[in-house]
Amino acid sequence: IGCQNTLEALRKAIDSHGLQDTVKLVVTGCMGTCEMGPVITVFPEGYYYCRVQPEDAEEIVTSHLKQGKYVERLCYHAPDGTVQPRKSDMTFFKKQKRNALRNCGLINQTSLEEYIAMDGYVALAKVLQQMTPQQVVDEIKKSGLRGRGGAGFPTGVKWQFVLDQKSDQKYIVCNGDEGDPGAFMDRSVLEDDPYSVIEAMTIGGFAVGANKGYAYIRLEYPRAIDHFTKALNRAREVGLLGNNILGSDFSFDIEIRVGAGAFVCGEETALLASIEGRRGEPRPRPPFPAVSGLFGKPTVINNVETWANICPIIINGGDWYASMGTEKSKGTKVFTLAGKITNTGLVEVPMGITLREMVEDIGGGVPGGKAFKAAQTGGPSGGCIPAAYLDTPIDYENLAALGSIVGSGGMIIVDEGTCMVDLAKFYLGFTQDESCGKCTPCRIGTKRMLEILERITKGLGKEGDLELLIELANSIKASALCGLGQTAPNPILSTLRYFRDEYEAHIKDKV
Ligand code: SF4
C-alpha cells in the first residue's frame, strides 16, 4: 500500500509537470532493501531514493527530474553518516554480485519484452541451436553449481543421473515451497523474475529429455503464483512453451501446483507425493528422484534459486560461474538478512564472503549500539555462529565445520540481548509443529526435547537435562526419516556448543 500511494503521487507529479513523454515510470519488484522501502531508482545514473513517501514526489520531480539536482535527504545514509546517493555508492550493494537476482528490481515483473531486453531467452536459443543435451549438462557440471535449497548437491551431477536414465517419460520440477522462517529469496525470484525460472526449467527439460515440468509454489505466495501464471501464459502465447519451441523439434510445458501450507512439502519426496495428489509425506531414499521420482519416472528437482542461476551459466559458461566463490562452493548465494541488523533485506554475494562483511558492510551492523552476539544460518535446520567466528568465510564447508549449514540462506542476526536458549526453543517449536508425524524419532523425540527446553526456560530445569537433550538430539539425527527430523536438533546442539553457560544459568539460577 505504501508503494502504491508513492507511485500514484509520482505519476501525478510527472504528469502535472508535463514530463510524461520524457520520463518513463516502470514498476519493478524488490531490490532487496527491505528496510528502506518504498524505493525509487532514477536512471541512467542510478540515484537511489529510500523510504519515499507520497509527499516527496513533487520534490523529486522539480529538483531531480527538472533541474538535475538529487534530493540528498532521501538518499541512503550509512551508519557512519556518509551519504551514498547512487546505488553503485551504497555499501549494501557494493559487495554483492547478483546472478540469481539479476533482474529483480530492475524490470517490470511480468513483461516478457523487458525480460528479453535483459538477455532473456538468449540461453534457451543457444541451447536449442548450438548445444547437445550432454553439452548442457557438462556446462552445469563445470560451473560447480550446488543445489541452493539446502542440501548443496551438485546440480550437474543430478542432471547427469536423469539424462542417463532410459525412460519413456521424465519430469522437471521446481521446488518453490520455501518455508524456512526468515527466508524469502525464492519468493522474490518467482514474483520479480518468473521468466528466468521458466526459461531455465525449459533448458533443464532439453538437457535431460523431459517434456513436462511442474512448478510447486507455496500457497502463502499468491503474488508469486499470479506472476508465474501470467508469465507461463505469455510464454505459451509466443511459442516459448509448447510444441516445437523456437522452431526446434523440442517441446516442453509447465504446470503450477499450489502447496497447502505444509512445511514438510519442501522435502523433495514429500513434494513429489503432493504433486501426485497424495499426502505430502517423505519416503525413504533410495530410490532417489533422479531414478524414480514423480509418478515413478526420472525427475530433476531443483529449487527456485538453483533454477535462477542456470541461464547466466549457459550464456557465460561454466568456467565463468566457477571463477566466483571458494574451492568447493562455487558461485554466488542469496541470503536473507533479518533480525537485529540495520539493513534487513535480500542480498546475493560470492561464496567466501566473511560473516563480518555481511553483518557490518552490507547489513550496516547491529542497531541501537548493541553488540553482535551470533548469526543463525540455515533456519530451523541450521545452527548459530558466534562473534568469535565473524571472520569465517561463508561456504558450505566452513559453516558445516562450525556446526551450522548454509541451508536455504536464511541469516538471522541476534544481539547481546537475546537469550540463546529461547532462540533454540523457538526453532525447535517450529520444527516440532511442522513434523509430519510419520516417524517416531521426529514425532516423539522433538516433543520430548521441547518439553525439556520449556522446563529449562521456566526455571524448572534439573541436573542431567543437558545430557538428556544431547542424547535425544543425537539419536533423532541418526534415526529420523527425512531432513526435517534429522536437522531439527541442530539449533539446540549448536547453542549448547557455544552458549552452554546460558543453559546452565537457567538451571542453576532457576530463571
Ligand atoms: Fe515426518 Fe519428521 Fe519423520 Fe520427516 S523426520 S518423515 S517430518 S516425522
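Whatever order the structure lists them in is the order used to number ligands and atoms, beginning at 1.
- Using a cut-off of 2.8 Å, one finds that Cys442 contributes no N/O/S atom close to atom 1 (Fe) of ligand 1.
- The pair Arg257-Glu255 meets the salt-bridge criterion, with a side-chain N (NZ, NE, NH1 or NH2) lying under 4.0 Å from an Asp/Glu carboxylate O.
- Cys436 N, 3.5 Å is the protein heavy atom nearest to atom 7 (S) of ligand 1.
- Both the sub-6.0 Å distance and the 45° axial angle are satisfied by Lys373 relative to the ring of Phe499.
- Using a 4.0 Å cut-off between charged nitrogen and carboxylate oxygen, Lys142 and Asp138 do not count as a salt-bridge pair.
- Listed by atom number, the atoms of ligand 1 under 4.0 Å from Gly437 heavy atoms are 1 (Fe), 8 (S).
- Taking a cut-off of under 4.0 Å to the non-hydrogen atoms of Val264, the atoms of ligand 1 that pass are 7 (S).
- For atom 3 (Fe) of ligand 1, the nearest protein heavy atom (residue, atom name, distance) is Cys439 SG, 2.3 Å.
- Under the 30°/60° scheme for interplanar angles, the aromatic rings of Phe263 and Phe430 are found to stand perpendicular.
- Atom 4 (Fe) of ligand 1 has an N, O or S atom of Cys482 inside 2.8 Å of it.
- Numbered from 1 in the order shown, with element, the atoms of ligand 1 that lie under 4.0 Å from a heavy atom of Gly485 read 5 (S).
- With Phe184 as the aromatic partner, Arg187 does not meet the cation-pi criteria of under 6.0 angstrom to the ring centre and within 45 degrees of the ring axis.
- Electrostatic pairing of Glu467 and Arg500 counts as a salt bridge here, judged by a charged N lying under 4.0 Å from a carboxylate O.
- A salt bridge between Lys333 and Asp395 is absent, with no side-chain N of the basic residue lying under 4.0 Å from a carboxylate O of the acidic one.
- Below 4.0 Å from some heavy atom of Ala480 lie the following atoms of ligand 1, by number and element: 5 (S).
- Below 4.0 Å from some heavy atom of Ser435 lie the following atoms of ligand 1, by number and element: 2 (Fe), 8 (S).
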